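No experiment lies behind these values; they were computed from the predicted model shown. What's counted below: heavy atoms across the whole structure, side chains too, no hydrogens, waters or symmetry copies.
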Amino acid sequence: QGQLVESGGGSVQTGGSLSLSCAASGRAFIPYAMGWFRQAPGKEREFVAAVTLNGGSKFYADSVKGRFSISSDDAKKTVYLQMSSLIPEDAAVYYCAVSLTPFYRGTHDQTADYDRWGQGTQVNVSA
């Protein structure tokens, strides 16, 4: 079946940096793309960034462009999110997401574009 194992997160002050990682385990678990969403209390889950494996196309939400960087290790089926210049608005539970197929819907920033989800990891940013 496979699963996603997230690590990283934590607490940081405004302007600080944090990194997240997510590894897809399971021999038959072959992601097409991996990405991150986040959800703050009382808000909907929103897209943060994504990367296609074996191609390396990267996508970012406007709110994180220039501050966050997504990368992947295709052999390890692992995606990384380097977050810098963090602001309180970035505080949320961050969820790793995997798409097992190409983005046939023509979008990459909708929860429906992804098939598997991690358990979430908390990111706190204090003012």
Chemist: Can I get a per-line list of side-chain donor-acceptor pairs under 3.5 Å for residues 105-112, giving both atom names and the distance, sequence neighbours left out?
Modeler:
{"residue": "Arg105", "atom": "NE", "partner": "Asp113", "partner atom": "OD1", "Å": "2.6"}
{"residue": "Thr107", "atom": "OG1", "partner": "Asp113", "partner atom": "OD1", "Å": "2.9"}
{"residue": "Thr107", "atom": "OG1", "partner": "Asp113", "partner atom": "OD2", "Å": "2.8"}

Chemist: Which residue pairs pass the disulfide (SG to SG under 2.5 Å) test with at least one member in residues 47-91, sequence neighbours excluded?
Modeler: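 Found none.
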Chemist: Identify all side-chain donor-acceptor contacts of residues 86-98 below 3.5 Å with residues at least two apart in sequence or on another chain.
Modeler:
{"residue": "Asp90", "atom": "OD1", "partner": "Arg38", "partner atom": "NH1", "Å": "2.9"}
{"residue": "Asp90", "atom": "OD1", "partner": "Arg67", "partner atom": "NH2", "Å": "2.9"}
{"residue": "Asp90", "atom": "OD2", "partner": "Arg67", "partner atom": "NH1", "Å": "2.7"}
{"residue": "Asp90", "atom": "OD2", "partner": "Arg67", "partner atom": "NH2", "Å": "3.4"}
{"residue": "Asp90", "atom": "OD2", "partner": "Ile87", "partner atom": "N", "Å": "2.9"}
{"residue": "Tyr94", "atom": "OH", "partner": "Arg38", "partner atom": "NH1", "Å": "2.9"}
{"residue": "Tyr94", "atom": "OH", "partner": "Asp90", "partner atom": "O", "Å": "2.6"}

Chemist: How would you list all residue pairs meeting disulfide (SG to SG under 2.5 Å) that involve residues 32-79, not counting sequence neighbours?
Modeler: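 Sorted pair list comes back empty.
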Chemist: Kindly write out the residues that satisfy side chain to side chain donor-acceptor pair (under 3.5 Å) with Ser21, not counting sequence neighbours, or none if the list is empty.
Modeler: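 Side chain to side chain donor-acceptor pair (under 3.5 Å) check on Ser21 returns Ser7.
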Chemist: Holding to side chain to side chain donor-acceptor pair (under 3.5 Å), I want the full list of residues that pass it with Asn124, two or more places apart in sequence or in another chain.
Modeler: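 Scan of Asn124 (side chain to side chain donor-acceptor pair (under 3.5 Å), adjacent residues dropped) gives Ser11, Gln122.
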Chemist: Rounded to the nearest 0.5 Å, how far does CG of Leu81 lie from CE of Met34?
Modeler: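 The CG atom of Leu81 is 12.0 Å from CE of Met34, to the nearest 0.5 Å.
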Chemist: Aromatic ring centroids of Tyr114 and Phe37 under 6.0 Å?
Modeler: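 Close enough - the centres of the two rings lie under 6.0 Å apart.
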Chemist: Give every residue pair that meets the salt bridge (charged side-chain N to carboxylate O under 4.0 Å, His left out) criterion with at least one member in residues 9-21, sequence neighbours excluded.
Modeler: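 Sorted result for residues 9-21: empty, none.
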Chemist: Does anything in residues 49-60 pair up under side-chain hydrogen bond (donor to acceptor under 3.5 Å, both in side chains), and if so which pairs, sequence neighbours excluded?
Modeler: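 Pairs touching residues 49-60 that pass the test: none.
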Chemist: Would you name the heavy atoms of Ala23 and Thr78 that are closest together and state the gap between them?
Modeler: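 In this case the closest contact between Ala23 and Thr78 is CB-OG1, 3.5 Å.
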Chemist: Going by the disulfide (SG to SG under 2.5 Å) test, which pairs reach into residues 23-84, not counting sequence neighbours?
Modeler: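 Residue pairs with at least one partner in residues 23-84: there are none.
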Chemist: Among all residues two or more places apart in sequence or in another chain, which pass the side chain to side chain donor-acceptor pair (under 3.5 Å) test with Lys76?
Modeler: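 Result, side chain to side chain donor-acceptor pair (under 3.5 Å) vs Lys76: none returned.
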Chemist: Any chance you could pull the hydrophobic cluster mates of Ile30, using side-chain heavy atoms under 4.5 angstrom and chaining through other members?
Modeler: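 None, because no other hydrophobic side chain comes under 4.5 Å of this residue.
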Chemist: So which heavy atom on Glu6 is nearest to which on Gly118, and how close?
Modeler: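 It is OE2-CA, 3.2 Å.
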Chemist: If you take all heavy atoms of Trp36 and Leu20, which pair is closest and at what distance?
Modeler: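 Closest pair (atom of Trp36, atom of Leu20, distance): CH2-CB, 3.6 Å.
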Chemist: Does Gln119 have any side chain to side chain donor-acceptor pair (under 3.5 Å) partners at least two apart in sequence or in another chain, and if so, which?
Modeler: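 Checked Gln119 against side chain to side chain donor-acceptor pair (under 3.5 Å); zero matches.
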